[in-house]
Amino acid sequence: MLLKDKVAVITGAAGINGLGFATARLMASHGAKVVLLDLAQAEPEAAASRLGDEHLGMAVDVTDKASCDAAILAARERFGRIDILVNNAGITQPARTVDITGSDYDRILDVSLRGTLYMSQAVIPTMKAQKSGSIICISSVSAQRGGGILGGPHYSAAKAGVLGLARAMARELGPDGIRVNSVTPGLIGTDIIKGKLTEEKKSEIAETIPLARLGRAEDIGGACIFLASDLSLYCTGITLDVNGGMLIH
Ligand code: NAD
């Protein structure tokens, strides 16, 4: 039980095949009370009830500051504290540089980057008052290697922005007892890649990965447990690669 009595908020957590839900399930199994946030159409209340009555699901749009603030207020009213935030909500789009429109740019950057800022802003006052907290930002190998396999350059830029934001927050918030770290997943088999890669293509990619497979959602959940728990008390501003060796640098 690495997270006994901790309260964890996870964005983009309702998709049962997604990284957010896998992280929520793993955190719940380690004793955390979990607040699952997602867009209304993703039905976050239903996702929370899969984990049990002690968890909470709420509709939130992370690109909307008032929506983020309202969710954190409700989470505080229910649980009294917030120990962990996982900034996981993100969307992708394959596109070439010259084809990216202004609205594509806004959409992709807003969810990953603005969303990470707004949700972090929403929890920081509570964590400061507690003098402790762990914020985990889900970036991507795409930020590090200049494109993953599916996302366009605007996705790489959004996820690289997340790394910069996380590092700067880590420096600023360390003295308040708040740790901020990033996870850079490689290619993980979730709905984000569903229908976009044939089984043949996935096997081809797996052959190029030292650990010889695509990632599983639980692989990211495990990294988040480490960063959320006291096992990583002296880690802040780090980037934890969870990519099977796809990028070693
Ligand atoms: P996913 O599509 O299953 O999950 C993303 C979730 O974010 C969805 O539940 C979606 O409803 C939610 N979301 C979208 N816009 C939102 C908004 N405005 N407000 C709140 N929630 C919103 O995909 P996933 O693979 O589980 O991705 C999770 C995170 O991991 C994303 O940030 C993604 O970019 C990142 N990532 C994924 C991979 C991969 O290979 N799967 C690799 C690197 C990084």
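Atoms within each ligand, like the ligands themselves, are counted from 1 in listed order. Computed from heavy atoms alone, side chains included, the values below leave out hydrogens, waters and symmetry copies.
Using a 4.0 angstrom heavy-atom cutoff, Gln41 does not count as in contact with ligand 1. Ala13 does not count as a contact of ligand 1, since none of its heavy atoms falls under 4.0 Å from the ligand. In this structure, Gly215 falls outside the shell of residues with a heavy atom less than 4.0 angstrom from ligand 1. Note on ligand 1: Thr92 sits outside its first shell, no heavy atom being nearer than 4.0 Å. The shortest heavy-atom distance from Phe21 to ligand 1 is not under 4.0 Å.
Checking side-chain atoms of Ser112 against main-chain N and O of Leu109 turns up no donor-acceptor pair under 3.5 Å. When atom types are taken as modelled, the side chain of Arg216 and the backbone of Glu218 share no donor-acceptor pair closer than 3.5 angstrom. Between the Asp83 side chain and the Val7 main chain, a donor and an acceptor come within less than 3.5 Å of each other.
For a threshold of 3.5 Å applied to N or O pairs, the pair formed by Asp38 and ligand 1 contains at least one separation below that value. For the pair Ile91 and ligand 1, the shortest N or O to N or O distance does not fall below 3.5 Å. Geometrically, ligand 1 and Ile188 share a nitrogen or oxygen pair separated by less than 3.5 Å. For the pair Ser140 and ligand 1, the shortest N or O to N or O distance does not fall below 3.5 Å.
When hydrogens are left out, the protein atom nearest atom 5 (C) of ligand 1 is Gly90 O, 3.6 Å; that is the closest non-hydrogen contact. When only non-hydrogen protein atoms are considered, atom 28 (C) of ligand 1 lies nearest to Asn88 OD1, 3.1 Å. Residue, atom and distance of the protein heavy atom nearest to atom 27 (O) of ligand 1 are Ile192 CD1, 3.9 Å. When only non-hydrogen protein atoms are considered, atom 7 (O) of ligand 1 lies nearest to Gly12 CA, 3.5 Å. In terms of protein heavy-atom proximity, atom 19 (N) of ligand 1 is nearest to Val62 N, 3.0 Å.
For Thr184 and Asp241, the side-chain atoms include at least one donor-acceptor pair closer than 3.5 Å. Residues Ser182 and Ser139 bring no donor and acceptor atom of their side chains to less than 3.5 Å of each other.
Scanning all heavy atoms of the two residues, the minimum distance from Tyr155 to Ile91 falls at CD1-O, 3.4 Å. Shown here for Met27 and Ala228, the closest heavy-atom pair between the two residues is CE-CB, 3.8 Å. The shortest non-hydrogen separation linking Leu51 to Phe21 is CD2-CZ, 3.9 Å. The minimum heavy-atom distance between Ser229 and Arg179, with the atom names listed, is O-NH2, 3.3 Å. Scanning both residues, Leu37 and Pro44, for their nearest heavy atoms gives C-CB, 4.4 Å. Nearest heavy atom pair, residue Cys137 against residue Val162, reads CB-CG1, 3.6 Å.
With distances taken over non-hydrogen atoms, the option nearest atom 26 (O) of ligand 1 out of Leu19, Thr11, Leu214, Thr63 is Leu19. Ranked by closest heavy atom to atom 17 (C) of ligand 1, the top entry among Thr184, Leu39, Leu197, Ile220 is Leu39. In the candidate list Asn243, Ile138, Asn87, Thr23, Ile138 is nearest to atom 35 (C) of ligand 1, counting heavy atoms.
Side-chain contact between Val141 and Pro185: absent, with no pair of heavy atoms (C-beta onward) separated by less than 4.5 Å. Side-chain atoms of Thr92 and Lys196, non-hydrogen and from C-beta on, do get closer than 4.5 Å to each other.
For CZ of Arg76, the number of neighbouring non-hydrogen atoms (other residues, nucleotides, ligands) closer than 6.0 Å is 12 at most.
With a 4.0 Å heavy-atom cut-off, ligand 1 is reached by the side chain of Thr190 but not by its N, CA, C or O. Contact annotation: for Ser139 versus ligand 1, heavy atoms closer than 4.0 Å belong to the backbone alone. Looking at Val111 against ligand 1, only its side chain comes within 4.0 Å, counting heavy atoms.
For ligand 1, the atoms closer than 4.0 angstrom to any heavy atom of Gly18 are 3 (O), 26 (O). Here is the list of ligand 1 atoms found below 4.0 Å of a heavy atom in Gly186: 38 (C), 40 (O), 42 (C), 43 (C). Numbered from 1 in the order shown, with element, the atoms of ligand 1 that lie under 4.0 Å from a heavy atom of Asp61 read 17 (C), 18 (N), 19 (N). Within ligand 1, counting atoms from 1 as listed, the ones closer than 4.0 Å to a heavy atom of Leu187 are 40 (O). With ligand atoms numbered from 1 in the order given, ligand 1 contributes 33 (C), 34 (O), 35 (C), 36 (N), 43 (C), 44 (C) to contacts under 4.0 Å with heavy atoms of Tyr155. Interface atoms of ligand 1 facing Val60, defined by a heavy-atom separation under 4.0 Å, are 19 (N), 20 (C).
For the pair Asp106 and Arg114, the salt-bridge criterion is not met [side-chain N within less than 4.0 Å of a carboxylate O].
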